[in-house]
Trainee: 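Below are the structure tokens for one structure; questions will follow.
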Amino acid sequence: MKNIAFVFSHVPYGTSLSKEGLDSVLSISMINPNVSIFFIGDGVFQLMKNQSPEHILLHNYVSSFGILPFFGINQLYYCKESLIERGLFHEYDFFLDIYIISRTCIRKKLEKCDLIINF
């Protein structure tokens with residue numbers, strides 16, 4: 001099985017990229033369990049607790065990320081520098097267990113992947 005990395009680098013709302021990314025992750029994980037997810041740049045807002053998209057008349061699909069552990073997807077990596085740049089410092093701000101690693105570590109992990117899909 002190939003190692004597949006999904007990279008989320010956009011905010012969760014305003015485009016359909018993140019929702020499409022989540023759908024892709026769930027679909028591919030059904031046939032390939034070697035899936036890792038990386039949140040970099042504005043993508044670090046994906047798993048934030050207490051989101052209220054209804055205020056901008058959007059559906060809160062982000063809570064759907066909560067089913068990732070049921071699909072065996074537990075390799076969720078957050079870019080430490082991206083969190084700091086956006087003033088997000090606490091692991092408990094996220095509704096899933098995540099690994100916070102440096103950009104250098106993310107780059108090394110991505111180099112080991114056979115396929116990288118960006119959303």
Side-chain angles (χ1 to χ4, degrees):
M1 292 271 170
K2 295 190 178 245
N3 291 320
I4 300 175
F6 288 88
V7 178
F8 288 84
S9 59
H10 294 87
V11 292
Y13 302 103
T15 70
S16 61
L17 280 174
S18 298
K19 173 72 171 93
E20 292 170 3
L22 176 60
D23 291 343
S24 297
V25 167
L26 296 175
S27 297
I28 290 176
S29 68
M30 298 291 286
I31 56 173
N32 185 345
N34 299 329
V35 171
S36 301
I37 304 176
F38 297 87
F39 298 93
I40 63 173
D42 286 337
V44 296
F45 292 109
Q46 296 289 334
L47 301 182
M48 295 289 301
K49 290 180 181 175
N50 303 320
Q51 295 188 27
S52 301
E54 63 275 4
H55 294 296
I56 55 174
L57 305 178
L58 293 174
H59 174 69
N60 187 356
Y61 78 91
V62 172
S63 59
S64 299
F65 276 96
I67 64 172
L68 290 176
F70 297 111
F71 281 74
I73 302 171
N74 298 309
Q75 297 180 49
L76 307 172
Y77 300 101
Y78 261 59
C79 174
K80 180 179 180 180
E81 289 83 355
S82 296
L83 290 171
I84 292 171
E85 290 166 1
R86 286 153 183 82
L88 307 171
F89 304 107
H90 305 290
E91 288 182 35
Y92 53 81
D93 290 336
F94 306 100
F95 63 87
L96 285 177
D97 292 333
I98 58 171
Y99 298 104
I100 298 174
I101 60 176
S102 69
R103 281 188 179 126
T104 303
C105 289
I106 288 176
R107 188 172 299 117
K108 288 178 182 174
K109 287 187 175 294
L110 288 174
E111 287 174 357
K112 294 178 182 176
C113 292
D114 300 305
L115 178 65
I116 300 171
I117 303 172
N118 292 302
F119 286 98

Trainee: Please answer: with hydrophobic residues joined when any side-chain heavy atoms are less than 4.5 Å apart, are Y77 and L115 in the same cluster?
Mentor: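 Hydrophobic grouping puts Y77 apart from L115.
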Trainee: Assert yes or no for the condition that the ring centre distance of F94 to F39 is strictly below 6.0 Å.
Mentor: no
Trainee: Look up atom CG in L47 and atom CG in D93, then write down how far apart they are to the nearest 0.5 Å.
Mentor: 11.5 Å
Trainee: Where is the tightest heavy-atom contact between I31 and M1, given as atom of each residue plus distance?
Mentor: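 Distance-wise, the nearest heavy atoms are O-CE, 3.5 Å.
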Trainee: To the nearest 0.5 Å, how far apart are CD in E85 and CG in D42?
Mentor: 9.5 Å
Trainee: Are L76 and F6 joined in one hydrophobic group, where the rule is that I, L, V, M, F, W and Y side chains link up if heavy atoms are under 4.5 Å apart?
Mentor: yes
Trainee: With sequence neighbours left out, write down each residue that passes salt bridge (charged side-chain N to carboxylate O under 4.0 Å, His left out) with E20, or none if nothing qualifies.
Mentor: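 E20 satisfies salt bridge (charged side-chain N to carboxylate O under 4.0 Å, His left out) with no other residue.
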Trainee: Mind listing the closest non-hydrogen atom pair of Y78 and G43 along with its distance?
Mentor: OH-O, 4.3 Å
Trainee: How would you list all residue pairs meeting ring pair (Phe, Tyr, Trp, His ring centres under 6.0 Å) that involve residues 11-33, not counting sequence neighbours?
Mentor: Y13-Y61
Trainee: Can you see which heavy atom on S18 is nearest to which on V11, and at what distance?
Mentor: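 In terms of heavy atoms, the two residues are closest at OG-O, 3.4 Å.
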Trainee: Provide the closest heavy-atom pair for V44 versus S82 in the form atom of the first, atom of the second, distance.
Mentor: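 Nearest heavy atoms, V44 then S82: CG1-CB, 3.7 Å.
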Trainee: Counting distance only, does the side-chain N/O of H10 pair as donor-acceptor with the main-chain N or O of F119 below 3.5 Å?
Mentor: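 Between the backbone of F119 and the side chain of H10 there is a qualifying donor-acceptor contact (under 3.5 Å).
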Trainee: Okay, side chain of N118, backbone of S9: is any donor-acceptor separation there less than 3.5 Å?
Mentor: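 It does not hold such a pair.
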Trainee: Mind listing the closest non-hydrogen atom pair of V35 and N32 along with its distance?
Mentor: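 What the structure gives for the nearest pair is CG2-O, 3.3 Å.
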Trainee: Do I101 and L88 sit in the same hydrophobic cluster, where Ile, Leu, Val, Met, Phe, Trp and Tyr count as joined when their side-chain heavy atoms come under 4.5 Å apart?
Mentor: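 Different clusters: I101 never reaches L88 through Ile, Leu, Val, Met, Phe, Trp or Tyr contacts under 4.5 Å.
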Trainee: When you measure from the side chain of Y99 to the backbone of Q75, do you find a donor-acceptor pair of N or O atoms at a distance under 3.5 Å?
Mentor: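 Not confirmed, Y99 side chain does not pair with Q75 backbone.
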Trainee: Taking a hydrophobic cluster as the set of Ile, Leu, Val, Met, Phe, Trp and Tyr residues connected by side-chain heavy atoms closer than 4.5 Å, whether directly or through intermediates, do F71 and I98 fall within one such cluster?
Mentor: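 Same hydrophobic cluster.
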Trainee: At what distance, to the nearest 0.5 angstrom, does SG of C113 lie from NZ of K108?
Mentor: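 Going from the SG atom of C113 to the NZ atom of K108 covers 14.5 Å.
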Trainee: With a 4.5 Å limit on heavy-atom distance, are the side chains of S64 and L22 in contact?
Mentor: yes
Trainee: Let me confirm one number: the CD1-CG distance from I73 to L26, rounded to the nearest 0.5 Å.
Mentor: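 Separation between the atoms: 6.0 Å.
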Trainee: Just so I know, are the side chains of I4 and V25 near enough to count as touching, which here means a heavy-atom distance under 4.5 Å?
Mentor: no
Trainee: Taking atom CD1 of I106 and atom CD of E81, what is their separation to the nearest 0.5 Å?
Mentor: 7.5 Å
Trainee: Which heavy atom of R103 sits nearest a heavy atom of C79, and at what distance?
Mentor: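 R103 and C79 have their closest heavy atoms at CG-SG, 3.4 Å.
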Trainee: Donor-acceptor check, side chain of N3 to backbone of D114, threshold 3.5 angstrom: yes or no?
Mentor: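 A pair under 3.5 Å: no.
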Trainee: With the 4.5 Å side-chain cut-off for hydrophobic clustering, are I37 and M48 part of the same group?
Mentor: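 Result: yes, single cluster for both.
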Trainee: Parallel, tilted or perpendicular: which describes the rings of F8 and F65, with under 30° parallel and over 60° perpendicular?
Mentor: perpendicular
Trainee: Once rounded to the nearest 0.5 Å, what's the spacing between atom OG of S36 and atom CD1 of I116?
Mentor: 10.5 Å
